A.B. asks: 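First the structure, which I've put down as structure tokens, then a few questions once you've had a look.
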Amino acid sequence: MRISDNEVKKILDKGPAIVEEISDLELELEAQRKRDDRDLARQVTQDVLAMPDRTDMIEELKAKIEAGTYNPSAEDIVDGMIRRAIADRVR
């Protein structure tokens, strides 16, 4: 199939409009990405703020150890060992 000169001219005439449409779509996508990033940052901030205070948890554990009532299960010990090994590899 052969494309006529007239068809080529039509395509070339639409070129700037297509480029503008693509630019508009790119700007819209970038704006959406920024909104998504802000939403994610807001959610992570809320999750972190909702976490229990580590200081309170540490004080509670210290009190249990001093009172002799801290008896972690085997699962807790293994869980701690695995978490420590993973944390050491991340560094």
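For clarity, every value in this text was computed on a predicted model and none was experimentally measured.
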A.B. asks: Would you give the length of the straight line joining atom CG of Asp56 to atom CG of Leu61, rounded to the nearest 0.5 angstrom?
C.D. replies: 11.0 Å
A.B. asks: Thinking salt bridges, do Glu60 and Lys64 make one under a 4.0 Å N-O criterion?
C.D. replies: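 Answer for the salt bridge query: yes.
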A.B. asks: Please name all residues satisfying side-chain hydrogen bond (donor to acceptor under 3.5 Å, both in side chains) with Glu30, sequence neighbours left out, ordered by chain then number.
C.D. replies: Arg33
A.B. asks: So how far is it from Asp24 CG to Glu21 CD, rounded to the nearest 0.5 Å?
C.D. replies: 7.5 Å
A.B. asks: Just checking Glu75: does its CD atom have more than 12 heavy atoms from other residues, nucleotides or ligands closer to it than 6.0 angstrom?
C.D. replies: no
A.B. asks: Do Ile77 and Ile65 land in one hydrophobic cluster if side-chain heavy atoms of ILVMFWY residues count as linked below 4.5 Å?
C.D. replies: no
A.B. asks: What distance do Thr45 atom OG1 and Asp47 atom CG have between them, rounded to the nearest 0.5 Å?
C.D. replies: 8.5 Å
A.B. asks: Using a distance-only test with no angle check, is there a side-chain donor-acceptor pair under 3.5 angstrom linking Asp36 and Gln32?
C.D. replies: yes
A.B. asks: May I ask you to decide whether Asp39 forms a salt bridge with Arg35, counting only side-chain N to carboxylate O separations under 4.0 Å?
C.D. replies: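 Looking at Arg35 together with Asp39, the answer is no, because their closest N to O distance does not fall below 4.0 Å.
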A.B. asks: Under a 4.0 Å N-O cut-off, is there an ion pair linking Asp79 with Arg83?
C.D. replies: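 Looking at Asp79 and Arg83, the cut-off is met.
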A.B. asks: Drop me the distance from Arg38's CZ to Lys34's NZ, to the nearest 0.5 angstrom.
C.D. replies: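 Nearest 0.5 Å value for the CZ-NZ distance: 8.0 Å.
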A.B. asks: Is Asp13 atom CG crowded by more than 12 heavy atoms from other residues, nucleotides or ligands, each under 6.0 Å away?
C.D. replies: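 Yes - once you tally the heavy atoms of other residues, nucleotides and ligands closer than 6.0 Å, there are more than 12.
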A.B. asks: Verify salt bridge (charged side-chain N to carboxylate O under 4.0 Å, His left out) between Asp88 and Arg84, making sure each step is shown before the conclusion.
C.D. replies: CA-CA 6 Å; Asp88 289 343; Arg84 179 77 264 158; 3.1 Å; yes
